[in-house]
Amino acid sequence: MSEIKALPESIWLRIAAGEVVERPASAVKELVENSLDAGATQIRVKLFDGGRLRIIVEDNGKGIEFQDLPLALQYHATSKINTLSDLENINTLGYRGEALASLSAAADVEIRSKYKDSDSGGLIRTHDAKIIEHVKINCPYGTRVQVENLFSGLPARRKFLKSASGELRRAAVFLREYSVCHPEVAFTLEHDGKEIFNTDGSGSKKRVLAKIWDDGAEIQNINVSAGHVKLECWYQARPGRIDIISFVNGRTVSDPVIKSAVNANARDLMGNFALFFTLEPSLIDVNIHPAKSEVRFRYPTEIYQALKIAVNNLGSPIIESSFIESKPVININSYKPAQESRTNYSRMPAMPRKIIESDSQKDSQIFLDDFSLQPEISQPEIIYMGQTSGGYLIYDTHGKIIIMDPHAAHERINYEKIKSLADESKNVQKLLIPVLLHPTLALEANEYAKELQDNGFELEDTIKGVELRAIPALPERDFEPEALLRASLGALKNNRDGDTKNILWRTWATMACKASIKLTNNITREEALTLWANLHECKQPFVCPHGRPVMIEISNQDLTRQFGRE
């Protein structure tokens, strides 16, 4: 008996559908791309329960003729390619003829469409991948596709869907990206009857970018060429991380070549990048991924070169990777010097004889908490000598000269304070004036509302929108609330081990490190002495959280030896 059998149509249809439609956002993507290929200038997307219950996409494109509606629901039926050679010169977003067929296999689908030259429109409905109705109707020009109960017949796939807010955010991210690439199209996104996002179709990329990037900073633009590649690069400085949206010939892609090129060339340019690559269709292969989210370049080095030219010509000041102002704030109220430049402290731990280096390959945010030393107890009189031209601080302990890196010292102090906070019960700082979140940020915050609330954030949905009303009460520094929220969301989205509390306090500690005083800061005597005192209250004062030394000591014996006075 043969062990090889042909799968029933009901099974292979759903297998094929699962490759194209992964979640509500991918269904939205396929339908919106069809609308754009149809020349639509207005596209409205309506989601219910994050798209898990219902998805509606309406456009004013050229429409589908009545007799073609059944063909549109068949696999590999398309108006966009005809011959094998067409695969090497694809100028449309869709071309495989599988989007609507896949949707009809994964959900119940209804299409209402009126072709641009027709007197009447048509309606077609499917259930269980079979056509159950096909009639003529009166309807507006364009196409309206309604998808009901996505994956209702595929419980294994449905159970992996995120919450309604999570699925909504993914669909919103995709729609915002296409609104940037097609600013001449007016996009609207609604969720459960409430408008979430819209653009006016004015044709201005800068206007759309200002709306989705939302923080008011200057947006730069530069156009460059490298070989066969033309690149239109838009950039907005934003401290903390690099975010990239990229398009190739009008298609949104998430490509490792592009990402690695940006990360290699823009290390000092934290912020938002929108990259629009244009090249001959024959020089790229778009047929390598079921969702068409990746492409293959014939000349990938030209992509790298174009990005390098663009980044080097952004006119860019070096952007500090900091979420708050860099001006040092050191509490000097507790400093009561016995003399003008002298004070006594009961403990001065001995310096370690070796430096521990962090394993950056194991953990890019590794912190050293287990550096156990037995400090020597002494009661030296500390004299602050001054600050070198390089920014280092010099102390005399009547037996040793200590040279301190103030940035590393302040990193250690801030880090241990935030670590101490994480070990305690939740501590909340109410905001005097609530922060109204931009819709993009509100979507992300709603997706992680429970995790945020459990760790000190308070969000409230008001008539005006989602407001941030409280943040974790971090010690000593007042972090800008929205920046703290953004950084925390970034950590939660990349959290793979499930330890929410740990990933958040490490993020806050990293922010505190970046906010520490710099070597370029001029430090007063009082600040230098307070820094010394606060450092020696730390559990591990010898190294910064990343493993670099905080202090270097030179004993009087060393100096005597160096000057030949032995």
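Positions are given from 1 along the sequence. Being a predicted model, the structure only gives us computed values, none of them experimental.
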Under the ring-ring contact (aromatic ring centres under 6.0 Å, His included) test, which residues partner [X], sequence neighbours left out?
X	answer
Phe197	none
His191	none
Tyr304	none

Looking only at non-hydrogen atoms, find the nearest pair between [X] and [Y] and report the distance.
X	Y	result
Tyr235	Gly271	CE1-CA, 4.2 Å
Arg207	Ser202	CD-OG, 3.7 Å
Gly51	Leu47	N-CB, 3.9 Å
Trp213	Trp234	CH2-O, 3.9 Å
Ser246	Val253	OG-O, 2.9 Å
Leu441	Leu437	CD2-CD2, 3.8 Å

So, [X] side chain and [Y] main chain: donor-acceptor pair closer than 3.5 Å or not?
X	Y	result
Arg412	Ala408	no
Gln387	Ile523	yes
Thr199	Phe187	yes
Thr388	Tyr392	yes
Thr397	Ile382	no
Asn249	Leu279	yes

Ser165 and Ser163: side chain donor to acceptor below 3.5 Å: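 Note: Ser165 and Ser163 side chains meet the donor-acceptor criterion.
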Asn263-Ser260 side chain donor-acceptor pair, cut-off 3.5 Å: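 Result is no, nothing qualifies.
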For the atom pair [atom1] ([X]) and [atom2] ([Y]), what is the distance rounded to the nearest 0.5 Å?
X	Y	atom1	atom2	result
Ile413	Leu535	CD1	CG	5.0 Å
Gln305	Ser225	CD	OG	12.0 Å
Ile554	Ile402	CD1	CD1	8.5 Å
Ile309	Ile222	CD1	CD1	9.0 Å
Cys233	Asn223	SG	CG	9.0 Å
Asn455	Lys450	CG	NZ	9.5 Å

Side chain to side chain donor-acceptor pair (under 3.5 Å) between Gln236 and Asn272, intermediate numbers included: CA-CA 5 Å; Gln236 182 189 57; Asn272 300 310; 3.0 Å; yes
Aromatic ring pairing Tyr178/Phe174, orientation class (parallel under 30°, perpendicular over 60°, tilted between):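 Perpendicular, since the angle between the ring planes exceeds 60°.
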Under 4.0 Å between a side-chain nitrogen and a carboxylate oxygen: does that hold for [X] and [Y]?
X	Y	answer
Glu444	Arg486	no
Lys400	Asp558	no
Arg170	Glu447	yes

Are [X] and [Y] side-chain neighbours, meaning at least one heavy-atom pair lies under 4.5 Å?
X	Y	value
Glu458	Glu467	no
Val229	Phe277	yes
Leu443	Asn446	no
Leu168	Leu189	yes
Pro549	Phe542	no
Thr252	Phe247	yes
Ile471	Leu485	no
Leu275	Glu232	no

Test side-chain contact (heavy atoms from CB on, under 4.5 Å) applied to Glu553 and Ile401, step by step: CA-CA 6 Å; Glu553 67 174 36; Ile401 297 296; over 6 Å; no
side-chain hydrogen bond (donor to acceptor under 3.5 Å, both in side chains) involving Lys308 - partner list, sequence neighbours excluded: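 With sequence neighbours excluded, Lys308 shows a side-chain hydrogen bond (donor to acceptor under 3.5 Å, both in side chains) to no residue whatsoever.
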Residues which pass side-chain hydrogen bond (donor to acceptor under 3.5 Å, both in side chains) with Glu451, listed by chain and number, not counting sequence neighbours: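 Glu451 satisfies side-chain hydrogen bond (donor to acceptor under 3.5 Å, both in side chains) with no residue once adjacent residues are dropped.
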Trace of the side-chain contact (heavy atoms from CB on, under 4.5 Å) decision for His410 with Asn534: CA-CA 9 Å; His410 206 199; Asn534 291 343; over 6 Å; no
Sequence-distant partners of Glu167, salt bridge (Lys or Arg N to Asp or Glu O under 4.0 Å), two or more places apart: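 Only Arg23 meet the salt bridge (Lys or Arg N to Asp or Glu O under 4.0 Å) criterion with Glu167.
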Geometric cation-pi criterion, Lys205 with Phe276: 6.0 Å, 45°: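 So Lys205 does make the cation-pi contact.
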Near-ring test Trp532/Tyr395, centroid separation under 6.0 angstrom: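 Yes, ring centres under 6.0 Å apart.
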